[in-house]
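Below: the structure, in structure tokens.
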Amino acid sequence: MSHPTAPSAGLQTLAIHAGETPDPATGASAPNIVMSTTFVTGADAGFSVEDMDDETRWIYTRWGNPTVHQLEVKLAALEGAGAAVAFGSGMAAVSSLFMHLLKAGDHAVVSDVTYAAASEMAREILPSLGIEITRVDTSDLAQVAAAMRPNTRLVYAETPCNPLLRLTDIAAVAEIAHAGGALLAVDSTFATPLATRPLTLGADFVVHSLTKYLGGHGDALGGAVLGGAEALAALRQRTAIRFGGVLSPFNAWLIQRGLATFPLRMRAHAENALALAKYLEAHPRVERVIYPGLSSHPQYELAQRQMRNASGMLTFRVADGAALARRCAEQLRVIHYAVSLGHHRSLLFYLASEDLLRTSFQLDTPAQRASWDAYAGDGIFRFSVGLEDPEDLIADLSRVLDA
């Protein structure tokens, strides 16, 4: 599965060219979609994933596919990784990583705020397999250090975390993890490679939901794990291929097409999000706005140091969020009242406190309570600011907020 070396160039050039070459048979400039599930091969081809290496020809699409591989090369180039493995969803990527790195008797330190399904996996599934989990606020280095044990194998963080937009100092947590003999994995979906490259800060693995900003158009599920080439080859064989949660060639093609404009989109997302954050922060009905690009963010200094782009995600809260949510769902015209994020269109959704506590947030200590009060309160609106004209987004929100 050899491939041409990605050009050593800027991020926008990599987003367009990495992993792609003109089709040798037709000269087609745009990449083809190889939809075949099986490939004609030689008599010496093996029938086990244990026989795979970098020079293995295409055999079966669950093992590897030319279109999916093109996407993986492009992702690795953008993230500065040795390799990438693409999955059918972000949660398939997270699950594969956990199952690859952890076994019964191991211990993992996991952020007390994570994407809902990852949080539920850490709370329910992993402990049922004999894997010990400690949930801590990974923005608090003392909590991370105190949670480390002799059998800790993994520290898992999101930065900014979903949905509270709290940040983790990747370089500092990497030092703690490595000093304790553990690996660090970072879900960087909200940040994207344009803002933060966790591997350069000491992380061992990076996770992305490709469904979000990297795909960018809300029409293709996908996920990826990135890291060193040797580590990713082992993950591909041990869990990606055997569990089977691989990415379809068609979705890989859609995501790859979205990646061509990814750096341009992220700059526009951040520009729009800052405009909307400033509008909301000045609105008399809004109690709190959390956005890494605002100086009022509790970790603004870290955001300035660790993020080259503040991304398009913000949260805000009002006195009666449930009532406003009903009006938003009924009256918004430009912004879609919908879950998910990172699309070209703006998406807004209310997360009630009981839903956050049931899914994404663990609230066991006074420190966790303080963090909850600072970021979430009684419930928050998660706002994925899209690429529309900011004046139209502000007008849409004003009609509901000012009613």
Side-chain angles (χ1 to χ4, degrees), residues 89-91 115-117 160-165 189-192 208-223 251 254-255 257-259 261-262 264-281 283 285-286 289-293 309-318 320-353 355-356 359-360 376 379-403:
S89 69
M91 269 313 298
Y115 175 65
C161 68
N162 185 0
L164 300 191
L165 301 175
T189 296
F190 275 30
T192 81
H208 285 289
S209 172
L210 304 179
T211 314
K212 312 305 193 298
Y213 284 113
L214 293 174
H217 293 79
D219 54 10
L221 284 176
N251 277 9
L254 285 172
I255 293 165
R257 184 175 64 166
L259 278 169
T261 59
F262 151 69
L264 297 174
R265 286 188 285 103
M266 290 312 300
R267 295 183 188 107
H269 278 300
E271 205 173 286
N272 279 4
L274 182 59
L276 269 294
K278 288 179 176 178
Y279 158 75
L280 287 165
E281 198 168 46
H283 197 284
R285 288 199 58 194
V286 176
V289 179
I290 299 289
Y291 178 61
N309 176 286
S311 195
M313 297 301 301
L314 63 87
T315 68
F316 66 93
R317 68 187 193 222
V318 299
D320 190 352
L324 180 62
R326 284 190 292 273
R327 289 199 300 276
C328 286
E330 295 168 359
Q331 299 175 23
L332 288 174
R333 299 172 187 169
V334 177
I335 302 164
H336 286 192
Y337 189 81
V339 297
S340 200
L341 57 104
H343 301 182
H344 56 298
R345 62 177 58 85
S346 292
L347 306 173
L348 182 73
F349 199 77
Y350 180 64
L351 300 167
S353 58
D355 291 332
L356 287 170
T359 57
S360 303
I380 55 174
F381 284 88
R382 188 181 70 178
F383 191 7
S384 174
V385 183
L387 304 179
E388 301 93 343
D389 291 301
E391 297 83 4
D392 293 330
L393 296 175
I394 290 172
D396 205 28
L397 277 176
S398 295
R399 187 173 55 256
V400 179
L401 282 170
D402 298 340

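Values in this document were obtained by computation on a predicted structure and should not be read as measured data.
Side-chain contact between Met266 and Ser311 is present, with heavy atoms from C-beta onward closer than 4.5 Å. Using a 4.5 Å heavy-atom cutoff, the side chains of Thr192 and Asn309 are not in contact. Residues Ile380 and Leu164 are in side-chain contact: their nearest non-hydrogen atoms beyond the backbone lie under 4.5 Å apart. Contact check for Tyr279 versus Leu393: no side-chain heavy atoms found under the 4.5 Å cut-off. Residues His336 and His343 have side chains not in contact (no heavy-atom distance under 4.5 Å, counting atoms from C-beta outward). The shortest distance between side-chain heavy atoms of Tyr291 and Leu276 does not fall below 4.5 Å. The side-chain heavy atoms of Leu280 and Leu397, taken from C-beta on, include a pair separated by under 4.5 Å. Counting heavy atoms from C-beta outward, Leu324 and Phe381 have side chains that approach closer than 4.5 Å.
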Before giving the answer on side chain to side chain contact (heavy atoms under 4.5 Å, CB included), spell out for Tyr213 and Ser384 the whole-Å C-alpha distance, their side-chain angles and the decisive distance to 0.1 Å. CA-CA 10 Å; Tyr213 284 113; Ser384 174; 4.2 Å; yes
Please assess Arg333 against Arg399 for the test side chain to side chain contact (heavy atoms under 4.5 Å, CB included), listing each intermediate value before the final yes or no. CA-CA 10 Å; Arg333 299 172 187 169; Arg399 187 173 55 256; 3.2 Å; yes
Worked verdict on Ile335 versus Tyr337 for side chain to side chain contact (heavy atoms under 4.5 Å, CB included): CA-CA 6 Å; Ile335 302 164; Tyr337 189 81; over 6 Å; no
Step-by-step side chain to side chain contact (heavy atoms under 4.5 Å, CB included) determination, His269 to Leu387: CA-CA 6 Å; His269 278 300; Leu387 304 179; 3.6 Å; yes
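The distance from atom CG of Leu254 to atom CG of Asp219, rounded to the nearest 0.5 Å, is 5.0 Å. To the nearest 0.5 angstrom, Glu281 atom CD is 10.5 Å from Leu314 atom CG. Note: Arg267 CZ to Thr261 OG1 = 11.5 Å, rounded to the nearest 0.5 Å. For the atom pair SG (Cys161) and CE (Met313), the distance works out to 11.0 Å, reported to the nearest 0.5 Å. Atoms CZ and CG, on Phe383 and Leu341 in that order, are 12.5 Å from each other to the nearest 0.5 Å. For the atom pair SG (Cys328) and CZ (Phe349), the distance works out to 11.5 Å, reported to the nearest 0.5 Å.
Nearest heavy atoms, Gly312 versus Ala273: CA-CB, 3.7 Å. Of all non-hydrogen atoms in Thr211 and Gly222, the two that sit nearest each other are OG1-N, 3.1 Å. In terms of heavy atoms, Pro163 sits closest to Arg382 at CB-CD, 3.9 Å. When all heavy atoms are compared, the tightest approach of Gly293 to Leu274 is O-CD1, 3.8 Å.
With 3.5 Å as the limit, one finds a donor-acceptor pair spanning the side chains of His283 and Asp402.
Checked by atom type and distance alone, the side chain of Asn251 never pairs as donor or acceptor with a backbone atom of Ala220 at under 3.5 Å. Side-chain N or O atoms of Arg285 include one that pairs as donor or acceptor with a backbone N or O of Leu401 at under 3.5 Å. Checked by atom type and distance alone, the side chain of Ser346 pairs as donor or acceptor with a backbone atom of Gly386 at under 3.5 Å.
Other residues, nucleotides and ligands contribute more than 12 heavy atoms inside 6.0 Å of the CD atom of Glu388.
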